[in-house]
Amino acid sequence: MQEILFFTCNAVLPIILLILLGYATKRANLFSENFYSQLNRLCFKICLPALLFCNIYNVTDVTAILNDWKVALFAITSISILFFAGLIFVILIIKQQNQKGVVLQCIFRSNFAIIGIPLVAFLTNNSQEQLATASVLAAVSIPFFNIYATIALSVFSEKKIVNDKKSIAKIIKRIATNPLVLGVCLGIIALIIRQILPKGTNGQPVFSIREQLPFLFSALQMIANAASPIALFALGGTFTFSAAKRLKWQIIFATAIRTLLAPTVCLLAAYATGFRTDEFPSLIALFGTPVAVSSVPMSAEMEGDTELAAQLVVWTSLVSTLTLFASISICATVNLLNL
């Protein structure tokens with residue numbers, strides 16, 4: 001159990017330290033206030049789309065999605081249910097318009113790519129079969145996370161959505177031109193093209209960006225790798241401790257749902273559906289990790305409450321250290337994990 005707690009702390013603390021670094025530079029007045037908003041823009045427009053493209057393009061075996069279709073379908077269904085249940089919750093409970101999309105993001109969107117996949121590797125002792133399941137879940141969940149997040153922030157940035165056809169058209173256009181959605185779509189297109197290309201004698205496609213244009217793929221990968229550090233540093237630069245008191249109820253509600261209610265309900269549903277030791281490491285990582293770091297630059301660029309988004313990344317990251325430890329311990333006790 002000590003190992004589990006040690007791992008969860010090591011998974012979360014780098015996030016907190018990068019946020020603290022950004023906060024320290026703000027306190028030291030090393031950069032202007034505008035610098036951090038420009039970093040958010042860089043992350044939203046360039047780094048995160050590159051990250052999403054690479055995450056999808058790096059799926060090496062598309063047929064694995066067909067083999068793991070049950071867990072993939074469960075993940076999509078669960079994320080969708082969380083989105084629509086969260087939509088009802090924020091409409092009824094959250095009063096301020098630009099906070100609704102931010103809280104909704106926190107309810108359904110986890111940090112699976114950055115924290116989740118390393119967590120699966122730890123829980124399965126780098127089992128290739130179970131890491132393949134994690135890759136399948138990444139391939140299906142990342143597009144849904146980003147499309148739903150774009151919808152959430154777009155809908156709640158408009159005040160007259162039901163009776164204004166122009167507003168609806170504007171939202172559709174915003175979703176279609178969102179850099180993150182474009183990154184996802186380009187990744188899926190590139191993946192499909194790679195699959196339908198004829199294969200060489202080695203069984204690999206005759207053309208691959210990674211193989212035939214390694215300089216381009218390396219550049220994309222470097223930009224993608226910079227996404228999370230830049231987002232976290234910028235988050236620290238916009239973070240204010242005083243906001244926690246003013247936003248305490250929004251933080252409490254959203255953090256409790258993201259770290260406690262959502263994983264509990266989804267994991268119980270997974271057990272009832274029949275998933276066991278092969279799938280549970282990936283499902284714990286998908287539903288139990290804190291809200292994605294990219295929710296902050298998205299909120300900044302799409303008229304959401306950036307201050308609240310930053311608070312939610314920090315607080316869900318801290319609380320998830322304990323809730324992930326509890327989830328892993330309970331699942332190991334009832335033989336849903338082979339630790």
Side-chain angles (χ1 to χ4, degrees), residues 8 11-16 18-19 22 40 43-44 48 51-52 75 78-83 85-87 89-90 93-94 98-119 137-138 141-142 144-153 156 180 227-228 231-232 234-236 238-239 243-244 247-266 284-302 304-324 327:
T8 53
V12 171
L13 285 178
I15 290 174
I16 302 301
L18 278 171
I19 293 170
N40 270 328
C43 198
F44 180 73
L48 285 171
L51 176 64
L52 294 172
S78 299
I79 292 166
S80 299
I81 291 171
L82 286 174
F83 174 81
L87 181 64
F89 172 83
V90 299
I93 303 297
I94 306 300
N98 70 340
Q99 292 181 353
K100 291 180 180 180
V102 173
V103 172
L104 181 52
Q105 267 202 103
C106 187
I107 290 171
F108 71 83
R109 189 179 189 187
S110 70
N111 201 343
F112 186 63
I114 296 172
I115 296 179
I117 292 175
L119 177 60
L137 288 184
S141 65
I142 286 170
F144 275 86
F145 280 150
N146 285 281
I147 291 168
Y148 279 152
T150 305
I151 293 170
L153 291 168
F156 291 116
L180 304 189
S228 294
L232 290 166
L235 189 162
T238 58
F239 187 81
L247 299 168
K248 66 177 180 180
W249 292 115
Q250 294 92 323
I251 293 169
I252 289 169
F253 283 136
T255 301
I257 295 171
R258 169 73 262 136
T259 61
L260 190 60
L261 183 61
T264 300
V265 171
C266 291
I284 290 171
L286 180 64
F287 297 115
T289 47
V291 65
V293 176
S294 57
S295 62
V296 179
M298 277 196 79
S299 299
E301 288 296 313
M302 298 184 67
D305 188 331
T306 309
E307 200 169 42
L308 176 59
Q311 293 284 336
L312 293 177
V313 169
V314 172
W315 289 106
T316 57
S317 296
L318 289 171
V319 174
S320 69
T321 306
L322 299 176
T323 54
L324 274 173
S327 298

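Predicted model, so just to flag it, every value in this text is computed and none were measured.
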With sequence neighbours excluded, tell me which residues meet side chain to side chain contact (heavy atoms under 4.5 Å, CB included) with Ser228. Ile114
When rounded to the nearest 0.5 angstrom, what is the spacing between CD1 in Ile16 and CG in Leu232? 8.5 Å
Excluding sequence neighbours, so at least two apart, what forms ring pair (Phe, Tyr, Trp, His ring centres under 6.0 Å) with Phe83? Phe108, Tyr148
Does some side-chain heavy atom of Val102 sit less than 4.5 Å from a side-chain heavy atom of Ser295? no
Phe89 and Val103: side chain to side chain contact (heavy atoms under 4.5 Å, CB included), yes or no, with the steps? CA-CA 9 Å; Phe89 172 83; Val103 172; 4.3 Å; yes
What donor-acceptor contacts under 3.5 angstrom involve side-chain atoms of residues 252-259, with partners at least two apart or in another chain?
{"unit_1": "Thr255", "atom_1": "OG1", "unit_2": "Ile251", "atom_2": "O", "d": "2.7"}
{"unit_1": "Arg258", "atom_1": "NE", "unit_2": "Thr289", "atom_2": "O", "d": "3.2"}
{"unit_1": "Arg258", "atom_1": "NH1", "unit_2": "Cys106", "atom_2": "O", "d": "3.4"}
{"unit_1": "Arg258", "atom_1": "NH1", "unit_2": "Ile107", "atom_2": "O", "d": "2.8"}
{"unit_1": "Arg258", "atom_1": "NH2", "unit_2": "Phe287", "atom_2": "O", "d": "2.5"}
{"unit_1": "Thr259", "atom_1": "OG1", "unit_2": "Thr255", "atom_2": "O", "d": "2.7"}

What pairs meet the salt bridge (Lys or Arg N to Asp or Glu O under 4.0 Å) rule with one or both residues in residues 305-319, with sequence neighbours excluded? Arg246-Glu307
About how many Å separate CG of Leu235 and CD1 of Ile19, when rounded to the nearest 0.5 Å? 4.5 Å
Without swapping roles, check the side chain of Ser110 against the backbone of Leu286 for a donor-acceptor pair under 3.5 Å. yes
Could you pull out all residues at least two apart from Thr150 that satisfy side chain to side chain contact (heavy atoms under 4.5 Å, CB included)? Ser154, Ile175, Asn178, Val181, Met298, Met302
Looking only at heavy atoms, what is the nearest atom pair of Leu104 and Gly86, with distance? CD1-C, 3.4 Å
Provide the full list of salt bridge (Lys or Arg N to Asp or Glu O under 4.0 Å) pairs with a residue in residues 314-324, sequence neighbours left out, each pair given once. none
For Leu82 and Ala262, which heavy atoms make the closest approach, and how far apart are they? CD2-CB, 3.9 Å
Is any side-chain heavy atom of Ile15 closer than 4.5 Å to one of Asn111? yes
Minimum side-chain heavy-atom gap Val313-Pro290 below 4.5 Å: no
Heavy-atom closest pair (Val293 atom, Ala231 atom, distance to 0.1 Å) is CG1-CB, 3.5 Å
Write down the atom of Ser320, the atom of Ser317, and the distance for their closest heavy-atom approach. OG-O, 2.9 Å
Hey, what do you get for CD1 (Ile151) to CD (Gln105), rounding to the nearest 0.5 Å? 11.5 Å
Just do the side chain to side chain contact (heavy atoms under 4.5 Å, CB included) check on Phe145 and Ser294 with the steps written out, would you? CA-CA 11 Å; Phe145 280 150; Ser294 57; over 6 Å; no
Of all heavy-atom pairs linking Ser299 and Ala309, the shortest is OG-CB, 3.6 Å
In Å and rounded to the nearest 0.5 Å, what is the OG1 to CG distance from Thr306 to Asn98? 8.5 Å
Roughly how far apart are Ile142 CD1 and Ile147 CD1, rounded to 0.5 Å? 12.0 Å
Quick one: closest heavy-atom pair of Gln99 and Leu247, and the distance? NE2-CD2, 3.4 Å
Rounded to the nearest 0.5 Å, how far does CD of Gln250 lie from CD1 of Ile93? 11.5 Å
Check against side chain to side chain contact (heavy atoms under 4.5 Å, CB included), Phe156 and Val90: CA-CA 10 Å; Phe156 291 116; Val90 299; 4.0 Å; yes
